[in-house]
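Because the structure is predicted, anything quoted here is derived from the model rather than measured.
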Amino acid sequence: MACFIVPTTEAIVTTIGKKMMQKHEEKHPVSTDKISFSEKLGWLNKLLWGGSALLAMEHLWHGEISPFPPFLTAAADAQELTVVLHEMATSGVGMAVLVTAVWGVMCVVSDKIHLKQLVNQEQSDSTTEEVPV
């Protein structure tokens, strides 16, 4: 019913955080040997916005969202509102946490891949220097 609201809220917060981080990185440039945190935050934004949009479309398809207030059909009844809040607290938070955890793994793996590429590049640069012409 309303599980998409939690990841959407997280997406809004991370979008604002990304903009702030980009401004900070412009003032204080980071090493080019690393992927910037604002770029990584962009990955999280794309995951959250994309998933939230798909969930919202699915809820719209099933008639759980209406184009007029209260927008969520279950929110019209006070008894159903507790069901909505429970779904947000369980499914919504669970999805947001899972997406953020997957993003965290993506960041760690990308850092390791990037570091390995740098080491390989340095090794290939050092071997070409040792070979006499």
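Among residues at least two apart or in separate chains, there is no ring-ring contact (aromatic ring centres under 6.0 Å, His included) pair with a member in residues 84-122.
The environment of Met106 atom CE is dense: over 12 non-hydrogen atoms of other residues, nucleotides or ligands sit within 6.0 angstrom.
Nearest heavy-atom pair, Ser38 versus Lys18, reported as atom, atom and distance to 0.1 Å: O-CE, 3.5 Å. Of all the heavy atoms in Leu41 and Gly17, the pair that sits closest is CD2-C, 3.8 Å. In terms of heavy atoms, Gly92 sits closest to Pro7 at O-CD, 4.0 Å. Taking every heavy atom of both residues into account, Ala11 and Leu48 meet most closely at CB-CB, 3.7 Å. Heavy atoms only, all atoms of each residue included: Ala96 and Val6 are closest at CB-CG1, 4.0 Å.
Expressed to the nearest 0.5 Å, how far NZ of Lys40 lies from OG1 of Thr14 amounts to 15.5 Å. In this structure, NZ in Lys46 is found 11.0 Å from OG1 in Thr15, a value given to the nearest 0.5 Å. For the atom pair NE2 (His59) and CD1 (Ile5), the distance works out to 8.5 Å, reported to the nearest 0.5 Å. The structure places CG of Asn45 at 12.5 Å from CD of Glu39, a figure rounded to the nearest 0.5 Å. Between Trp43 atom CH2 and Ser110 atom OG the span is 3.5 Å, to the nearest 0.5 Å. Note that the CE atom of Met57 and the CZ atom of Phe4 stand 12.0 Å from one another [nearest 0.5 Å].
The hydrophobic cluster containing Leu54 does not contain Leu47, counting ILVMFWY residues as joined when their side-chain heavy atoms lie under 4.5 angstrom apart, directly or transitively. Residues Met21 and Trp49 do not share a hydrophobic cluster, defined by chaining ILVMFWY side chains whose heavy atoms lie under 4.5 Å apart. Under the 4.5 Å side-chain heavy-atom criterion for ILVMFWY residues, a single connected hydrophobic cluster contains both Val97 and Met88. Under the 4.5 Å side-chain heavy-atom criterion for Ile, Leu, Val, Met, Phe, Trp and Tyr, Leu115 and Phe37 are members of distinct hydrophobic clusters. Connection of Ile35 to Val102 is established within a shared hydrophobic cluster, with ILVMFWY side chains joined at heavy-atom distances below 4.5 Å, either directly or through further cluster members.
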Evaluate Leu118 against Gln121 for side chain to side chain contact (heavy atoms under 4.5 Å, CB included), listing each step before the verdict. CA-CA 5 Å; Leu118 288 175; Gln121 183 180 2; 4.1 Å; yes
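Contact of the His28 side chain with the His24 side chain is registered, since non-hydrogen atoms from C-beta on lie closer than 4.5 Å. With a 4.5 Å cut-off on side-chain heavy atoms, Lys112 and Val108 count as touching. At a threshold of 4.5 Å between non-hydrogen side-chain atoms, the residues Leu81 and Leu72 do not count as touching. Inter-residue side-chain proximity for Glu10 and Leu44 is flagged as met; some heavy-atom pair is nearer than 4.5 Å.
A search for ring-ring contact (aromatic ring centres under 6.0 Å, His included) contacts involving His62 returns nothing, not counting sequence neighbours.
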